[in-house]
Amino acid sequence: MIKRTKYTEEFKRKIGLELLSGITTAGEISKRESISATTLYKWRDMVEGISVTPDEREIIEMRKRLKELEETVSDQALQIHILKKTQKIMEQLKRQERLSGSISPLTLESKKAVKY
């Protein structure tokens, strides 16, 4: 037996606007709200023809901006992580080079001079 839930028009409108704005995907909303994607698309289509209030438009724009900023922060966090890893590897290589005495043209010249 299928469990049917009644949703308020306000809730349908809110979810339809969220999907319409592109802030989140139907899959994400479907998982979060336990509502089928087909139902979400019907709600989106229902909202498309309705005019949006200035407050709703502002909320949609703010959510879009928030998502963009979250993506920027995550990109920067990844770059910082990569830079720290690279720095750590470079420090290890320098330490190994100091301990092993790398073979460079200058090192070879100084060893030749000492032997003669």
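Computed from heavy atoms alone, side chains included, the values below leave out hydrogens, waters and symmetry copies.
Contact check for Gln87 versus Glu91: side-chain heavy atoms found under the 4.5 Å cut-off.
The minimum heavy-atom distance between Ala37 and Ser30, with the atom names listed, is N-OG, 4.0 Å.
Separation of atoms CD (Glu33) and OH (Tyr7) is listed at 7.5 Å; rounding is to 0.5 Å. Taken from CG in Leu78 to CG in Leu83, the straight-line distance is 9.5 Å, to the nearest 0.5 Å. Put simply, CD on Glu58 and CG on Asp55 are 6.5 Å apart, with the number rounded to the nearest 0.5 Å. Annotation: the span from Lys14 atom NZ to Trp43 atom CH2 amounts to 10.5 Å, rounded to 0.5 Å. One distance of note links OG1 of Thr25 with CD of Glu18; it measures 9.5 Å at 0.5 Å rounding.
Each of Arg63, Lys64, Arg65 was compared with Glu61 under the side chain to side chain contact (heavy atoms under 4.5 Å, CB included) criterion, and only Lys64 meets it.
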Check against salt bridge (Lys or Arg N to Asp or Glu O under 4.0 Å), Glu9 and Lys12 = CA-CA 5 Å; Glu9 289 300 316; Lys12 292 177 183 180; 3.6 Å; yes
Side chain to side chain contact (heavy atoms under 4.5 Å, CB included) between Leu99 and Gln96, intermediate numbers included | CA-CA 5 Å; Leu99 293 174; Gln96 285 177 350; 5.9 Å; no
Walk me through it: do Glu70 and Lys67 pass the test salt bridge (Lys or Arg N to Asp or Glu O under 4.0 Å)?
-> CA-CA 5 Å; Glu70 286 173 343; Lys67 187 169 184 161; over 6 Å; no
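The number of heavy atoms from other shown groups lying within 6.0 Å of CD (Glu10) does not exceed 12.
Residues Met46 and Tyr41 are members of separate hydrophobic clusters, defined by side-chain heavy-atom contacts under 4.5 angstrom among Ile, Leu, Val, Met, Phe, Trp and Tyr. Under the 4.5 Å side-chain contact rule for hydrophobic residues, Ile23 and Leu66 do not share a cluster. Residues Ile29 and Ile35 are members of one and the same hydrophobic cluster, defined by side-chain heavy-atom contacts under 4.5 angstrom among Ile, Leu, Val, Met, Phe, Trp and Tyr. In the hydrophobic clustering of this structure, Ile15 groups with Leu19; members are Ile, Leu, Val, Met, Phe, Trp, Tyr whose side-chain heavy atoms approach within less than 4.5 Å, directly or through other members.
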